[in-house]
Amino acid sequence: MAVIGRRDGLAPRAHPGGHHGAGSWWPWRALLLAWLSLGCGIGTTQVPAPGEAMWGPEPPSRTRPRRQSAHGAWGSWGPWSACSSSCGDGVALRTRRCLRSAEEEPCIGDQRQYRLCQLQGCPGGSVPFRAMQCSLYDDTPVQGMQTRHRWVPFYGAPNVCDLNCLAVGHNFYYTFGRVLDGTRCRPGSTDLCVGGRCLSVGCDGILGTGAQPRVCSRCGGGQDGCLFVHRLFQDTEPFSGHFGYMNVTKIPAGATNIKVTDKSRNFLALMRSDGRYVLNGDWSIAWPGPYEVAGTQLLYARSPDGTESLEAPGPTDEDLHVLVLLQEPNPGIEYEFWLPRGHPQHSMVDTSALRQPQPRGAGSPPPAEPPLPTVPPRARDPITEPLPPRSPPGVRSAAGRCGRCHPPKGRSQRIRHFCQSDFVFRARILARRSVGQEMRYEVQVVTPYRHRFPMVPREYVWVPDTCGCPTLLGGHDYVLMARRHVNYEHTLNRILLQRDGYARPWSPREERAVRDAGRHCAHLR
């Protein structure tokens, strides 16, 4: 039934006729007297007169309890109907039958179920669904009105699932029954009207179920089925000294409710699974604020007292690596996140802390990614970072004119380099990048032969040259002899391989010769 009201919500009221006088009081008075006469003995003790029998309550009859009727059983759900809308949001319907006999009670539950169906967005300039329904009554005769009007949605009426339309240019609205199923209850709301009721969409896509996502993003069940990871990382220094980057943990793909907190002068850093930094990488400190990463929004906060935090709702669609850029000993980094139970077990520190590149000014752009070179195919680990083309001898490069490479040769050179080096190891070249006037190689340490300082499975090796000397090809194994380089400010701690340093392709024969060279170091001192 159509209802007409004022826009300000003050609708006219109908008052019943007649006067409230004595004539209207006598029926209620009679009822009150009857009630009092029936209840006069309640709460009192009655004493019988002499010779009068005293009647007590009759003993309860031993009647057989009535058997409660069973309820019927639901059949299986039928197929979903077509979506109620051709674009944007809509609802689909499915039904089921109650299977019961004549003696059974009706089934418990709903016979109908509605599901949200989200189609492709409506074309630009399309009329909103509720506005389209109001416009159907434009210039249409309305009962009780002499003039015709144009109608637009009105959201101030009590029932949001009624089609309440405001007359354009006037201060009243008219209710044209219910809105069509699939109409949004309010602007900006995800709730939808179905059968005149405003229903919320559960995380399972079904309307009215109230299913809420768990903390680990799975649907329903609260925290059941979720694994909470909460740790305090307390390593005091990186493998390479008091200054530089150190791994904290890996946050696996699918993690939710991520929070990392550090209360020190150190800086939290975040790296993608492909090795690209999101925050505070390459010795460049980022501004606090929101960042889009791994399919979620990350909020990076830093307070004046040095407290830092990383927070993201998740779920993430790739692994993320949390690191810390140490400026002082680590007092402790607290991190937590949720995972679906049964998720592959995450490793606390499954990737090694790489010695990091030289510092560059904050805000300066990162080095451009060079094109991929042509490398002979070998059964090696995949290259994770583009390898730039090598400058052949005699061709000008960014560092000037390059001459020929002069690799050390002979037994005496091998012994000299071995004994004067801090690191001697077999390395597999994973990737390389030109950074400033230097070349940075990411390597896998296959076999360490000598290391005066700790080494980890993956390292960065720096060559102060961009001419391609010594010659190192991606995917190949080499024997490298390098030194540790720490600058005066102690902001650099890295493995340095000189342009004429020892770098020879690995072979079983070369390995035997290198191991033999170690026996002669005492004779050189």
Side-chain angles (χ1 to χ4, degrees), residues 239-240 352 354-355 372-385 387-394 402-434 438-485 494-525:
F239 297 105
S240 55
S352 304
L354 302 176
R355 290 181 173 85
L372 286 170
T374 302
V375 180
R378 294 186 61 179
R380 300 291 190 184
D381 293 339
I383 301 298
T384 59
E385 194 172 358
L387 300 177
R390 189 179 311 282
S391 301
C402 296
R404 287 186 174 275
C405 298
H406 298 285
K409 297 179 181 179
R411 183 171 178 267
S412 62
Q413 291 289 324
R414 182 185 300 113
I415 294 174
R416 183 177 68 85
H417 279 272
F418 187 101
C419 298
Q420 294 179 354
S421 298
D422 296 321
F423 306 98
V424 180
F425 58 101
R426 174 185 171 186
R428 181 168 301 155
I429 309 301
L430 302 178
R432 77 179 178 196
R433 172 183 287 176
S434 177
E438 296 181 305
M439 190 71 71
R440 187 191 73 185
Y441 293 88
E442 184 180 340
V443 302
Q444 176 184 347
V445 179
V446 181
T447 306
Y449 306 114
R450 171 187 173 92
H451 53 93
R452 298 178 57 199
F453 303 96
M455 297 189 73
V456 290
R458 288 177 64 182
E459 293 280 8
Y460 281 148
V461 176
W462 290 84
V463 178
D465 184 88
T466 56
C467 295
C469 294
T471 303
L472 301 176
L473 295 178
H476 291 249
D477 285 17
Y478 295 88
V479 174
L480 303 182
M481 301 184 185
R483 291 188 175 185
R484 182 189 187 210
H485 173 222
R494 57 187 189 166
I495 298 177
L496 191 68
L497 177 65
Q498 295 294 339
R499 185 177 187 273
D500 56 351
Y502 193 95
R504 296 187 62 84
W506 179 89
S507 67
R509 179 180 178 182
E510 178 68 22
E511 179 167 338
R512 289 193 297 270
V514 168
R515 292 186 183 277
D516 180 71
R519 303 173 188 159
H520 300 276
C521 292
H523 301 292
L524 294 180
R525 292 178 181 149

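Along the sequence shown, the residues carry numbers beginning at 1. Bear in mind that the values here come from a model prediction, so they are computed numbers and not experimental data.
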Enquirer: Arg504 versus Met481: any side-chain heavy-atom pair under 4.5 Å?
Expert: no

Enquirer: In the structure I gave you, are the side-chain heavy atoms of Tyr502 and Leu480 within less than 4.5 Å of one another anywhere?
Expert: no

Enquirer: So, applying side chain to side chain contact (heavy atoms under 4.5 Å, CB included) with Phe425, which one of Val446, Val514, Val479, Val461 is it?
Expert: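 Only match with Phe425 under side chain to side chain contact (heavy atoms under 4.5 Å, CB included): Val461.
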
Enquirer: Name all residues meeting the side chain to side chain contact (heavy atoms under 4.5 Å, CB included) criterion together with Asp500; count only those two or more places apart in sequence or in a different chain, and write none if there are none.
Expert: Gln498

Enquirer: I want to check something: taking the side chain as every heavy atom from C-beta on, are His476 and Ile429 in contact at a cut-off of under 4.5 Å?
Expert: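 SC-SC contact between His476 and Ile429 ruled out.
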
Enquirer: Distance check, rounded to the nearest 0.5 Å: Leu497 atom CG versus Ser421 atom OG?
Expert: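 Between Leu497 CG and Ser421 OG, I get 8.5 Å after rounding to 0.5 Å.
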
Enquirer: Take the angle between the ring planes of Tyr460 and Trp462 and call it parallel below 30°, perpendicular above 60°, tilted in between.
Expert: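 Because their plane-to-plane angle is over 60°, the rings of Tyr460 and Trp462 count as perpendicular.
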
Enquirer: To the closest 0.5 Å, what do you measure between CZ (Arg428) and OH (Tyr478)?
Expert: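 It is 12.5 Å, given to the nearest 0.5 Å.
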
Enquirer: If we ignore angles and hydrogens, is there a donor and acceptor under 3.5 Å between the side chains of Arg411 and His520?
Expert: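 Their side chains do contain a donor-acceptor pair, which is all the 3.5 Å distance test asks for.
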
Enquirer: Taking all non-hydrogen atoms of both residues into account, name the closest pair between Phe453 and Phe423 and its distance.
Expert: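 Taking every non-hydrogen atom into account, O-CE2, 3.6 Å.
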
Enquirer: Given the rule in the side chain to side chain contact (heavy atoms under 4.5 Å, CB included) test, do Leu472 and Met439 qualify, once you have shown the distances and angles that lead to the verdict?
Expert: CA-CA 11 Å; Leu472 301 176; Met439 190 71 71; over 6 Å; no

Enquirer: With a 4.5 Å heavy-atom cut-off, do Leu496 and Pro464 have their side chains touching?
Expert: yes

Enquirer: How about Glu511 and Ser507: do any of their side-chain heavy atoms sit closer than 4.5 Å?
Expert: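 A side-chain contact under 4.5 Å is absent here.
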
Enquirer: Which value, rounded to the nearest 0.5 Å, describes the distance between Arg450 atom CZ and Cys419 atom SG?
Expert: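 Here the interatomic distance stands at 6.5 Å.
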
Enquirer: Can you name the one residue among Arg494, Arg433, Arg432 that meets salt bridge (charged side-chain N to carboxylate O under 4.0 Å, His left out) with Glu438?
Expert: Arg494

Enquirer: Let me know which of Arg484, Arg452, His451 forms a side-chain hydrogen bond (donor to acceptor under 3.5 Å, both in side chains) with Asp422.
Expert: Arg452

Enquirer: Looking at side-chain heavy atoms only, is the closest gap between Val443 and Leu430 below 4.5 Å?
Expert: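 No - every pair of side-chain heavy atoms lies 4.5 Å or more apart.
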
Enquirer: Quick one: does Arg414's side chain get under 4.5 Å of Glu510's, heavy atoms only?
Expert: yes

Enquirer: How close do Pro470 and Tyr441 get, counting heavy atoms only, and between which atoms?
Expert: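 Minimum heavy-atom contact is O-OH, 4.2 Å.
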
Enquirer: Contact between Arg483 and His417 at the side-chain level, heavy atoms closer than 4.5 Å - yes or no?
Expert: no

